[in-house]
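Heavy-atom basis, side chains included; hydrogens, waters and symmetry copies ignored. Note that this is a predicted model, so its numbers are computed, not measured.
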Amino acid sequence: MIATPNFVNLSPDDYLEIEANSSIKHEYIDGEVYAMAGATDTHVTIAGNIFALLRAQVRGSSCRVYISDMKVRIQKAKGERFYYPDILVTCDPRDRDTPTYKQFPKLIIEVLSDSTEAFDRGDKFMDYQSIDSLQEYILINTRHPRLEIFRRQDDSWLFNTYSLSEDTENPTFHIVSVDFTEKIAAIYEDVNLNNQ
């Protein structure tokens, strides 16, 4: 993310108004706005693959899957955030009332990139943990075929990692929040990890 100095000390409403008319996406952290960088072919393909798989899984249910252009709003005691996760799933009917952002996701997925990995693992994950409805947070690696799944259990987060290896044939992963099981290879379909 790159700070945008022209937009500082904005209210959430001002940010939403500016963002609605902006040709580029910005994330919002406590009044400051940060421009988002573009993504690589690998990043976009992985996000598209998981979106398509999850969309098929929740079709016909009360859940909705959103890809990269939908904001998640996080209201904290000391500030407010708007992020654009790569994928978010919400099943909460209250999210139907907000067409440009969602506040009650049950699943958030970030596809890692070199420029955002530390933030996705650190401060952003801390912010996501404050969302009461969030049940799982998934990080998908773009350098190696690996998924890291963090699952909320009471007041803590359990961690599981899933990867492709030569030892296991067609390993699968499971997303509890949407009761979805799939082969790891499906996430990396049409991805050439050697071009990273």
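Between the OH atom of Tyr66 and the CG atom of Leu88 there is a distance of 7.5 Å, given to the nearest 0.5 Å. Atom CG of Asp86 and atom CD of Glu110 lie 5.0 Å apart (nearest 0.5 Å). Here Gln103 contributes atom CD and Thr98 contributes atom OG1; the two are 6.0 Å apart, rounded to the nearest 0.5 Å.
Counting heavy atoms from C-beta outward, Leu139 and Asp120 have side chains that approach closer than 4.5 Å. With contacts defined as side-chain heavy-atom distances shorter than 4.5 Å, the pair Thr90/Leu107 does not qualify. Here the side chains of Arg121 and Glu148 are in contact, with some heavy-atom distance below 4.5 Å. Counting heavy atoms from C-beta on, the side chains of Ile87 and Val111 never come closer than 4.5 Å. Under the 4.5 Å side-chain criterion, counting only non-hydrogen atoms from C-beta, Leu53 is in contact with Ile187. The shortest side-chain heavy-atom distance between His26 and Tyr34 does not fall under the 4.5 Å cut-off. Between Leu16 and Glu19, every side-chain heavy-atom pair lies at or beyond the 4.5 Å cut-off. Counting only heavy atoms from C-beta outward, the side chains of Gln129 and Leu134 never approach each other to under 4.5 Å.
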Candidate pair Asp127 and Lys76, rule side chain to side chain contact (heavy atoms under 4.5 Å, CB included), full reasoning: CA-CA 8 Å; Asp127 288 337; Lys76 302 174 79 170; 2.8 Å; yes
Derivation and outcome, side chain to side chain contact (heavy atoms under 4.5 Å, CB included), residues Ile46 and Asn141: CA-CA 9 Å; Ile46 290 171; Asn141 200 298; over 6 Å; no
Checking Leu54 against Ile109 for the side chain to side chain contact (heavy atoms under 4.5 Å, CB included) test, could you report, in this order, the C-alpha distance in whole Å, the side-chain angles of both residues, the deciding distance, and whether it holds? CA-CA 11 Å; Leu54 289 174; Ile109 300 174; 3.8 Å; yes
Show, in sequence, the C-alpha distance, side-chain angles and deciding distance for Thr161 and Arg146, and conclude whether the side chain to side chain contact (heavy atoms under 4.5 Å, CB included) test is met. CA-CA 7 Å; Thr161 184; Arg146 182 173 58 237; 3.5 Å; yes
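Between Glu117 and Arg143 a salt bridge is recorded (basic side-chain N to carboxylate O distance below 4.0 Å).
By the ring pair (Phe, Tyr, Trp, His ring centres under 6.0 Å) test, Tyr128 pairs with Tyr83, Tyr137, sequence neighbours left out. For Glu80, the side-chain contact (heavy atoms from CB on, under 4.5 Å) partners at least two apart in sequence or on another chain are Pro12, Tyr28, Arg73, Gln75, Phe82. Evaluation of the side-chain contact (heavy atoms from CB on, under 4.5 Å) rule for Asp14 yields Leu10, Ser11 as partners, not counting sequence neighbours. Residues passing the salt bridge (Lys or Arg N to Asp or Glu O under 4.0 Å) test with Asp95: none are found, sequence neighbours excluded. Considering only residues two or more places apart in sequence or on other chains, Thr45 meets the side-chain contact (heavy atoms from CB on, under 4.5 Å) condition with Asp41, Asn49, Asp190, Val191.
In the hydrophobic clustering of this structure, Tyr101 does not group with Phe104; members are Ile, Leu, Val, Met, Phe, Trp, Tyr whose side-chain heavy atoms approach within less than 4.5 Å, directly or through other members. The cluster map of Ile, Leu, Val, Met, Phe, Trp and Tyr, joined by side-chain heavy atoms under 4.5 Å apart, puts Phe125 and Phe159 in the same cluster. At a threshold of 4.5 Å between side-chain heavy atoms, the hydrophobic network of Ile, Leu, Val, Met, Phe, Trp and Tyr places Ile140 and Val178 in one connected group. Both Trp157 and Ile74 are part of a single hydrophobic cluster, where members link through side-chain heavy atoms under 4.5 Å apart. Hydrophobic cluster membership differs between Val44 and Ile138, with clusters built from Ile, Leu, Val, Met, Phe, Trp and Tyr side chains linked at under 4.5 angstrom.
A cation-pi arrangement is not found for Lys124 relative to Phe119, the charged atom failing to lie both closer than 6.0 Å to the ring centre and inside a 45° cone about the ring normal.
When only modelled atom types and interatomic distance are considered, Tyr15 and Glu27 share no side-chain donor-acceptor pair under 3.5 Å. Side-chain atoms of His174 and Thr181 form a donor-acceptor pair, as typed in the model, at a separation below 3.5 Å. Side chains of Glu136 and Ser177: a donor-acceptor N/O pair is present below 3.5 angstrom, by distance only.
Residues Met36 and Tyr84 approach most closely at SD-CD1, 3.5 Å, considering heavy atoms. Closest non-hydrogen pair, Val72 versus Pro85, comes out as CG1-CD, 3.8 Å. Nearest approach of Gly79 to Asp30, heavy atoms of both residues: CA-OD1, 3.0 Å. Across every non-hydrogen atom of Arg96 and Ser62, the tightest pair is NH2-O, 2.9 Å. Residue Leu112 comes nearest to His43 through the heavy atom pair O-CD2, 4.0 Å, listed as atom of the first residue, atom of the second, then distance. Between Gln57 and Asp179 the shortest heavy-atom distance is NE2-O, 2.9 Å.
Environment of NZ in Lys183: sparse, with no more than 12 heavy atoms of neighbouring residues, nucleotides or ligands closer than 6.0 Å.
No donor-acceptor pair closer than 3.5 Å links the side chain of Ser22 to the backbone N or O of Lys25. Put simply, the side chain of Asp92 gets close to the backbone of Arg94: a donor and an acceptor are under 3.5 Å apart. For the pair Ser133 (side chain) and Pro105 (backbone), a donor-acceptor distance under 3.5 Å is present.
Residue pairs meeting the disulfide bond (SG atoms under 2.5 Å apart) criterion with at least one member in residues 17-91, sequence neighbours excluded, are Cys63-Cys91.
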